[in-house]
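Worksheet for the structure shown next.
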Amino acid sequence: MSPSRSAQRNVRDVVFVDGVRTPFGKAGEKGIYAGTRADDLVVKCIRELMRRNPSLPAERVDEVAIAATTQTGDQGLTIGRTAALLAGLPRSVPGFAIDRMCAGAMTAVTTTASGIGFGAYDVVIAGGVEHMGNHPMGAGADPNPRFMSERLVDPAALNMGNTAENLHDRFPAITKDRTDAYAAASQAKLAAAYSNEQIQHDLVPVATMKPGQGWALHTSDEPPRPGTTVEDLAELRTPFRAHGRVTAGNAAGLNDGATAAVLASAEAAEELGLSVKMRLVSYAFAGVEPEVMGIGPVPATEKALKNAGLGIEDIGLFEINEAFAVQVLSFLDRFGIADDDPRVNRYGGAIAVGHPLASSGVRLMNQLARQFEEDPSVRYGITTMCIGLGMGATVIWENPHHADYASSTSEDTTAISAPTEGAAA
């Protein structure tokens, strides 16, 4: 008999190579993507990634993971696989669909990144799509009656706007004046980023056709309202509660859009001559009370920091998804960060640019990667978001342009037989 052998692998470094997105549109009949299929938006992103990275042979893509919150119609049929086929990738390239509501694309990234770290993949494409015009949030859902009959959650937990009002109740120091001021600042920062050409590079032009109107080419986001003032926001109604604090102005809208990113092992990126925009350090997901789902980024970030052996003081840039201004402010207050801290959402956020649910995680990563390039003094950054039904997600990234980057990439020799919970690299 041959002697028994024990197979063992080391965790590999995972790098963010490139990311793109469509311009985000407003959901509904008047939105730019009315009449456009969701899967076609994803295909645009995949094709653009392959065009921008010509040294990546299509057959070297090991997996395509695409998230969607409503997985029916043009967002159904295992959209990761169908989008890969429609984009012209070889039939040998597999794909799958994934759902974690708002953190869909983020989960597509962390799930496939874990496969890279383990050695199952060398190169992947991960992203998400949400066409909220074709698929309004919750359309076709059939919540189990036990949620109500056994009072597992408050009925308000199934409406995200109500959960934001609940956050205001829990944290009375977060006033409507503060959320409106934060929202106006988000609009101003996005307008400045557009003016400085900091957004456009990540956008994939999308041509659409509407009966009676002909073809149009969309090269910028539809939702932003530059010039919005606090006085403008003060006049808006509070649809989720009489005399409430959450409005259409201090929350993300209903949007359509898609994102996709290429991730690879550090070795594969070097072999294929691919760029390295970020290195994945750690990630974590956490559950919270569904009634206050917006607080989810707090425990997720605490877990991710612990997994990485870092403190909040080590983080030089924050990309926080702005589902609601109150949700962002609850995060900042927990960690002692000022509302106008220049490390936070330098290009503005979802309140201005939009939040097509499952796609938004990669938008955060795109923006963090560009800020890393602009600011080599920052070593670590965070992408984080709240998730419907009471969850949070956080990914910590390292800046390859930082002076200490080279030394850190050779430090991790942890065997996969004993991984750290939540750590991917």
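Along the sequence shown, residues carry numbers from 1.
When the options V292, L329, N166, I295 are evaluated for a side-chain contact (heavy atoms from CB on, under 4.5 Å) with F171, the one that passes is I295.
The existence of a salt bridge linking D169 and R241 is confirmed by a sub-4.0 Å separation between a basic side-chain nitrogen and an acidic carboxylate oxygen. Under 4.0 Å is where a charged nitrogen must lie from a carboxylate oxygen, and between D202 and R370 at least one such pair does. Residues R346 and E374 are not paired through a salt bridge, judged by the lack of any N-O separation under 4.0 Å between the basic side chain and the carboxylate. Using a cutoff of 4.0 Å between basic side-chain nitrogens and carboxylate oxygens, R245 and E165 are scored as salt-bridged. Taking the charged nitrogens against the carboxylate oxygens, D339 and R178 do have a contact shorter than 4.0 Å, which makes a salt bridge.
No hydrogens or angles considered: nothing links the side chains of Q200 and S220 as a donor-acceptor pair under 3.5 Å. A donor atom on one side chain and an acceptor atom on the other are not found under 3.5 Å apart for S359 and T259. Between Q367 and Y347, the side chains place no donor N or O within less than 3.5 Å of an acceptor N or O (distance only, hydrogens not considered). Neither side chain, Q327 nor E322, offers a donor N or O lying under 3.5 Å from an acceptor on the other.
R21 forms a cation-pi arrangement with F24, by the criterion of a distance under 6.0 Å to the ring centre and an angle within 45° of the ring axis.
The environment of E150 atom CD is dense: over 12 non-hydrogen atoms of other residues, nucleotides or ligands sit within 6.0 angstrom. By the 6.0 Å contact criterion, CG on L254 is open, its count of non-hydrogen atoms from other residues, nucleotides or ligands being 12 or less. Around the CZ atom of R343, the shell of radius 6.0 Å holds more than 12 heavy atoms that belong to other residues, nucleotides or ligands.
Panel note: side chain N196, backbone A193; no donor-acceptor pair is recorded below 3.5 Å.
Taking CG from L317 and CD1 from I320, the interatomic distance works out to 11.0 Å, rounded to the nearest 0.5 Å. Between the CD1 atom of I66 and the CD1 atom of I46 there is a distance of 5.0 Å, given to the nearest 0.5 Å.
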Name every donor-acceptor pair, under 3.5 Å, that has one atom in a side chain of residues 100-109 and the other anywhere in the protein, sequence neighbours excluded.
from : atom 1 : to   : atom 2 : distance (Å)
R100 : NE     : T107 : OG1    : 2.9
T107 : OG1    : A103 : O      : 2.8

